[in-house]
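Everything on this sheet refers to the single structure shown next.
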Amino acid sequence: MSPAHGQPFTGTEFAHPPSLLRSYLRAALARRPAPDGMTIVPPIALRLRGARAGADRLRRYRAVCGFAEDGQLPLPYPQVLAAPLHLALVTHPAFPFRPAGIVHLRNCFARHAPLPEDIALDLQVRTDGYRIVGSGIEFDLVTEARDAHGAMLWESVTTSLVRLAQRARAPAPRAAPDYRGYRLLEQWPVPADTGRRYARASGDWNPIHLHALGAKPLGFPRAIAHGMWSFARCLAAVERIAAPQPRWHVAFKRPLLLPGDAQLHLRQAQAHPGPERLQLLLSDRSGATLYLAAETPD
């Protein structure tokens, strides 16, 4: 990811955030041909100027994730502000996949400048590449937050997977998590209403996170926690004992069923020369099931 700017925008610009209700209705009613190895992800770009964090929603977000009220937007928060654009993009007529069943694999975040909580951000979301992998098609969405002059302040890359029926196979066995060098930082119960609380704070009302009735059609016995909540909860805990870092990479491993429990493991290493490197693992209380792994890149 790079803070370079100056490229002309070619896409759809919104004067106001796209309606989440309208996008969710389009997602529920979406009909697409079954994807195959010839499916392409075309260039799609959406932009919203002057987005701001509402004080009440930001307060709820900090409360459900555990972030301190420090006058700055938490590192993942521009992703939350861009959620209406994300949903509008995956329900765009040119987008080739049904939104239901898209699997969130990983995110890379980079903050290039301070983000005061009252800042106005010009947000842009675009497709940025796809590839055939063992179980389907991976595709990337880039989210950028710029100031009114076009300077890049923050960006992320979200990588997701669409499974292909013709590539269905038994999942490969996963190696047991390796906790060598990690220390147990925190343990939490994760209540059944976590998905609903995070939805009220973030605007992500995907039914898979709200109730078992919304999760069972996609193969889960109960609702699952938002991956972005799990990562934000980890980040808030780490920032209580270490300086906030401007860059994080996170990979989502297994869904966290609600209600559930979680424990956070942290490894800290001093780079010479360079800043401290942080790595974290979020698992169930037994340590056998890994929910996510994240690190500050070199």
Side-chain angles (χ1 to χ4, degrees), residues 1-2 4 7 10-12 23-24 26-46 76 79 82-83 85-110 124-144 155-177 204 206-209 215 217-220 224 226-228 230-231 247-256 281 289-295 297-298:
M1 295 187 289
S2 167
Q7 296 291 333
T10 56
T12 302
S23 291
Y24 277 116
R26 284 201 300 265
L29 300 174
R31 296 292 180 267
R32 300 283 192 274
D36 58 29
M38 302 300 291
T39 300
I40 65 170
V41 180
I44 305 171
L46 309 177
Q79 190 88 3
L85 292 180
H86 296 143
L87 194 54
L89 189 150
V90 299
T91 57
H92 190 281
F95 189 72
F97 310 123
R98 294 187 67 235
I102 292 176
V103 181
H104 187 184
L105 296 180
R106 53 190 179 270
N107 270 90
C108 299
F109 297 99
Q124 180 179 319
V125 175
R126 69 177 189 273
T127 55
D128 191 51
Y130 64 97
R131 58 214 152 263
I132 301 294
V133 297
S135 56
I137 301 173
E138 282 187 4
F139 66 93
D140 299 321
L141 297 183
V142 170
T143 305
E144 298 174 347
E155 59 187 320
S156 77
V157 177
T158 303
T159 301
S160 299
L161 172 72
V162 174
R163 301 188 189 279
L164 297 181
Q166 60 269 38
R167 286 177 168 258
R169 62 185 70 177
R174 300 195 183 200
D204 184 348
N206 187 333
I208 198 172
H209 304 301
L218 292 174
F220 299 104
I224 63 174
H226 297 75
M228 288 297 294
S230 299
F231 173 61
R247 299 174 65 209
W248 278 92
H249 294 177
V250 57
F252 302 101
K253 303 295 187 178
R254 296 283 190 188
L256 197 172
L281 300 173
T289 300
L290 189 62
Y291 299 133
L292 67 80
E295 64 181 3
D298 294 332

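Count residues from 1 along the sequence.
Between Thr143 and the options Glu155, His86, Gln124, Arg126, a side chain to side chain donor-acceptor pair (under 3.5 Å) holds for only His86. For the side chain to side chain contact (heavy atoms under 4.5 Å, CB included) with His104, the qualifying choice from Leu161, Thr159, Thr158 is Thr158, the only one to do so.
Contact detail for Ile224 and His209: the closest heavy-atom pair is O-ND1, 2.7 Å. Across Ala27 and Pro99, no two heavy atoms sit closer than the pair CB-CG, 3.9 Å. Across all their heavy atoms, Lys253 and Ala293 have their closest contact at CE-CB, 4.2 Å. Phe109 and Pro76 get closest at one heavy-atom pair: CE2-CA, 4.4 Å. Minimum interatomic distance between Leu256 and Ser230 (heavy atoms only, all atoms of both residues): CD1-OG, 4.2 Å. The two atoms that bring Arg131 and Asp140 nearest to each other are NH2-OD1, 2.9 Å, heavy atoms only.
We find the OG1-CZ distance between Thr91 and Arg32 to be 8.0 Å, quoted to the nearest 0.5 Å. Rounding to the nearest 0.5 Å places CZ of Arg98 at 9.5 Å from CG of Leu29. Atom CG of Leu46 is separated from atom CG of Leu89 by 5.0 Å, given to the nearest 0.5 angstrom. The line from CG of Asp204 to CE of Met228 is 9.5 Å long, rounded to the nearest 0.5 Å. For the atom pair Ser156 OG and Arg247 CZ, the distance stands at 13.0 Å (nearest 0.5 Å). One distance of note links CH2 of Trp248 with CD of Glu295; it measures 8.5 Å at 0.5 Å rounding.
Taking the six-membered ring for Trp and the full ring otherwise, Tyr130 and Phe97 have centroids separated by 6.0 Å or more.
Annotation: side chain of Thr39 is in contact with side chain of Ile137 (closest heavy-atom distance under 4.5 Å). Side-chain contact between Pro96 and Pro42 is present, with heavy atoms from C-beta onward closer than 4.5 Å.
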Notebook entry, point to check: What's the verdict on side chain to side chain contact (heavy atoms under 4.5 Å, CB included) for Arg26 and Leu87, showing C-alpha distance, side-chain angles and the deciding distance?
Noted result: CA-CA 10 Å; Arg26 284 201 300 265; Leu87 194 54; over 6 Å; no
Next item on the list: Please step through side chain to side chain contact (heavy atoms under 4.5 Å, CB included) for the pair Phe139 and Val162, ending with a clear verdict.
Entry: CA-CA 8 Å; Phe139 66 93; Val162 174; 3.8 Å; yes
Next item on the list: Output, in order, the C-alpha distance, side-chain angles, deciding distance and verdict of side chain to side chain contact (heavy atoms under 4.5 Å, CB included) for Asn107 and Phe231.
Entry: CA-CA 10 Å; Asn107 270 90; Phe231 173 61; over 6 Å; no
Margin query: Go through it in stages, so that I can follow the logic: the residues are Leu141 and Thr127, the test is side chain to side chain contact (heavy atoms under 4.5 Å, CB included), and I'd like the CA-CA distance, side-chain angles, deciding distance and then a yes or no.
Written below: CA-CA 5 Å; Leu141 297 183; Thr127 55; 3.8 Å; yes
